[in-house]
J.: 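Sharing a structure here in structure tokens format.
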Amino acid sequence: GNSVTQMEGPVTLSEEAFLTINCTYTATGYPSLFWYVQYPGEGLQLLLKATKADDKGSNKGFEATYRKETTSFHLEKGSVQVSDSAVYFCALSDRGRDDKIIFGKGTRLHILP
Amino acid sequence: KAGVTQTPRYLIKTRGQQVTLSCSPISGHRSVSWYQQTPGQGLQFLFEYFSETQRNKGNFPGRFSGRQFSNSRSEMNVSTLELGDSALYLCASSSTNRGPNEKLFFGSGTQLSVL
């Protein structure tokens, strides 16, 4: 079945550092890929998405490129802020096959001022 | 437009009891999904309802059940609570258009503690 694997956290960085959170997936079809973010005390909200190979999703300075050859969708940001501290979830949707949206376990990010 | 509303926000129960959680989706959204979030397992899919019908189900025991009403509001029920059921239960709604661009809108969750 489909699955999503993302790097274990927590990840702790200083403000203005470069961020990478790794995400790889397993899917038999052609899924859409997402990053969701969960701020403290809140539900998840969509950060960015990509629906086909080589697409780049971007939002709020975050970027991720859909790499079919490496089955990856790594999240990057050039300069993080304290306000980026949250839990980040990589997710996969393959409605034509698995019929449900699958999430990774989440990566907690701490940004120090 | 109001977001996804989940009630109650916090719940404390004892082992063996049962609990009912409620979710009101965004107006116009007919799909409601439920997820269990725990520190060790992350987000695990429970079930999805669409137009009062269960469309998909995750790998949870039969103690976990749900339903959806004609106004798209959904409830999930957990019977015979166990300590391991302590978790944040998240509800998400989406529009009728399923497909590659489908976006889930999440509520803030119900934090269930089983003592």
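Here is how names work: the chains are called A, B, and so on, in the same order as the sequence lines, proteins then strands, and each is numbered from 1.
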J.: Counting only heavy atoms not in A:F18, do more than 12 fall under 6.0 Å of its CZ?
T.: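 Counting other residues, nucleotides and ligands, CZ of A:F18 exceeds 12 neighbours.
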
J.: Just wondering, are more than 12 heavy atoms of other shown residues or ligands nearer than 6.0 Å to CG in B:N71?
T.: yes

J.: Does CZ belonging to B:R63 count more than 12 external heavy atoms closer than 6.0 Å?
T.: yes

J.: Apply side-chain contact (heavy atoms from CB on, under 4.5 Å) to A:Q38 and B:L43, showing your working.
T.: CA-CA 12 Å; A:Q38 183 180 34; B:L43 253 67; 5.5 Å; no

J.: Starting at CG of B:L90, measure out to CD of A:E42 and round the result to the nearest 0.5 Å.
T.: 11.5 Å

J.: Give a yes or no on this: more than 12 heavy atoms of other residues, nucleotides or ligands lie within 6.0 Å of atom NZ of B:K57.
T.: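 Counting other residues, nucleotides and ligands, NZ of B:K57 exceeds 12 neighbours.
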
J.: Which one, B:S108, B:C91, B:G58, leads in non-hydrogen pairs under 4.5 Å with chain A?
T.: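 That would be B:S108.
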
J.: If you compare all heavy atoms of B:L104 against all heavy atoms of A:Y36, which two are closest, and at what distance to 0.1 Å?
T.: N-OH, 3.0 Å

J.: If you round to the nearest 0.5 Å, how far is CZ of A:F89 from OH of B:Y35?
T.: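 Spacing of OH (B:Y35) from CZ (A:F89) equals 11.5 Å.
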
J.: Can you tell me which portion of B:Q6 sits under 4.5 Å from chain A's heavy atoms? Options are side chain, backbone, both or neither.
T.: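 Contact with chain A involves no heavy atom of B:Q6 at all.
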
J.: Looking at NZ of A:K105 and CD of B:Q44, how far apart are the two atoms once the value is rounded to the nearest 0.5 Å?
T.: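 These two atoms lie 8.0 Å from each other.
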
J.: Can you tell me if CD1 on B:I12 sees more than 12 non-hydrogen neighbours from other groups inside 6.0 Å?
T.: no

J.: Return yes when atom CZ of A:R108 has more than 12 non-hydrogen atoms of other residues, nucleotides or ligands closer than 6.0 Å, and no otherwise.
T.: no

